[in-house]
S.K.: 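There's a structure below that I have some questions on.
This is a predicted model, so every value here is computed, not measured.
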Amino acid sequence: QVQLVESGGGSVQAGESLRLSCAASGRIFTSYHVGWFRQAPGKEREFVAALSWVGSSTYYADSMKGRFTISRDDAKKLVYLEMNNLEPEDTAVYYCETSPGFSRRDQSYDYWGQGTQVTVSS
């Protein structure tokens with residue numbers, strides 16, 4: 001079992017930044033990947049970024065590359081999503097999820113948290 005708790009969401013103006021955190025606990029195997037997904041109202045959940053639980057592999061959706069940065073703190077078992085130059089289109093609930101391997105497909109992830117709301121106004 002893996003437990004994930006997201007935090008750090010909020011309401012910001014366009015152009016501002018936010019840092020989301022994902023606290024992970026439980027049995028996370030070394031092969032696991034942790035991903036951030038987001039879901040806007042009326043839309044499907046979409047891939048944002050992911051990283052390997054061990055090692056330095058990171059992956060981004062093309063539209064987020066350059067604005068978003070995923071990282072982790074091994075000692076604290078935290079995964080961060082730094083989001084810069086936010087746009088109203090980034091408004092969504094952001095979820096932290098784990099998968100046995102890397103995937104951009106939400107269906108490949110087997111654990112996720114309750115999500116944190118990000119609202120960006122123009």
S.K.: Apply side chain to side chain contact (heavy atoms under 4.5 Å, CB included) to the pair Tyr60 and Arg67, showing each step before the final yes or no.
M.R.: CA-CA 10 Å; Tyr60 295 92; Arg67 293 194 300 128; over 6 Å; no

S.K.: Measure the CG-OG distance between Leu86 and Ser122 for me, rounded to the nearest 0.5 Å.
M.R.: 13.0 Å

S.K.: Keeping the roles fixed (side chain from Arg104, backbone from Val48), state whether a donor-acceptor pair exists under 3.5 Å.
M.R.: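 Absent.
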
S.K.: Check whether more than 12 heavy atoms from other residues, nucleotides or ligands sit under 6.0 Å from atom CD of Glu44, and answer yes or no.
M.R.: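 Not buried by this count: 12 neighbours or fewer within 6.0 Å.
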
S.K.: Just verifying a value: how many Å separate Cys96 SG and Glu6 CD, rounded to the nearest 0.5 Å?
M.R.: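 It comes to 5.5 Å.
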
S.K.: Can you tell me how far the OG atom of Ser103 sits from the OH atom of Tyr59, to the nearest 0.5 Å?
M.R.: 11.0 Å

S.K.: Which atom pairs, one a donor and one an acceptor, fall under 3.5 Å between side chains of residues 31-38 and the rest of the protein, sequence neighbours left out?
M.R.:
from  : atom 1 : to     : atom 2 : distance (Å)
His33 : ND1    : Ser31  : O      : 3.3
His33 : ND1    : Phe102 : N      : 3.4
Arg38 : NE     : Glu46  : OE2    : 2.6
Arg38 : NH1    : Asp90  : OD1    : 2.8
Arg38 : NH1    : Tyr94  : OH     : 3.0
Arg38 : NH2    : Glu46  : OE2    : 3.1

S.K.: Answer with yes or no whether the hydrophobic clustering places Val79 together with Val54; edges join I, L, V, M, F, W, Y residues whose side-chain heavy atoms lie under 4.5 Å apart.
M.R.: yes

S.K.: Going from CG on Leu4 to CD on Gln114, what distance comes out if it is rounded to the nearest 0.5 angstrom?
M.R.: 9.0 Å

S.K.: Heavy atoms only: give me the nearest Gly9-Thr116 pair and the separation to one decimal.
M.R.: N-OG1, 3.0 Å

S.K.: Rounded to the nearest 0.5 Å, what's the gap from CG on Asn84 to OG1 on Thr69? Could you check?
M.R.: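 Asn84 CG to Thr69 OG1: 6.5 Å, rounded to 0.5 Å.
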
S.K.: With no hydrogens and no angle check, is any side-chain donor or acceptor of Ser99 less than 3.5 Å from a backbone partner on Tyr109?
M.R.: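 Answer holds: no.
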
S.K.: Salt bridge check, Arg45 against Glu97: does any charged N sit closer than 4.0 Å to a carboxylate O?
M.R.: yes

S.K.: Are Val118 and Leu18 side-chain neighbours, meaning at least one heavy-atom pair lies under 4.5 Å?
M.R.: yes

S.K.: I'd like to check Phe47 versus Met64 (side-chain heavy atoms, cut-off strictly below 4.5 Å). Are they in contact?
M.R.: no

S.K.: About how many Å separate CG of Leu20 and OH of Tyr95, when rounded to the nearest 0.5 Å?
M.R.: 13.0 Å

S.K.: Going by heavy atoms in the side chains, are Ser25 and Val2 under 4.5 Å from each other?
M.R.: no

S.K.: Would you say that more than 12 heavy atoms from the other residues, nucleotides or ligands in this model lie under 6.0 Å from the NZ of Lys77, or not?
M.R.: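 Yes.
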
S.K.: Can you hop from Leu78 to Ile70 via hydrophobic side chains spaced under 4.5 Å?
M.R.: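 No: no chain of side-chain contacts under 4.5 Å links Leu78 to Ile70.
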
S.K.: Taking Arg72 for its side chain and Trp53 for its backbone only, find out whether a donor-acceptor pair lies under 3.5 Å.
M.R.: yes

S.K.: Specify the closest pair of heavy atoms between Gln1 and Gln3, including all atoms of both residues, with the distance to one decimal.
M.R.: CB-NE2, 3.6 Å

S.K.: Within the structure provided, determine whether Val120 and Pro88 are in side-chain contact (heavy-atom separation under 4.5 Å).
M.R.: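 Yes, side chains in contact.
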
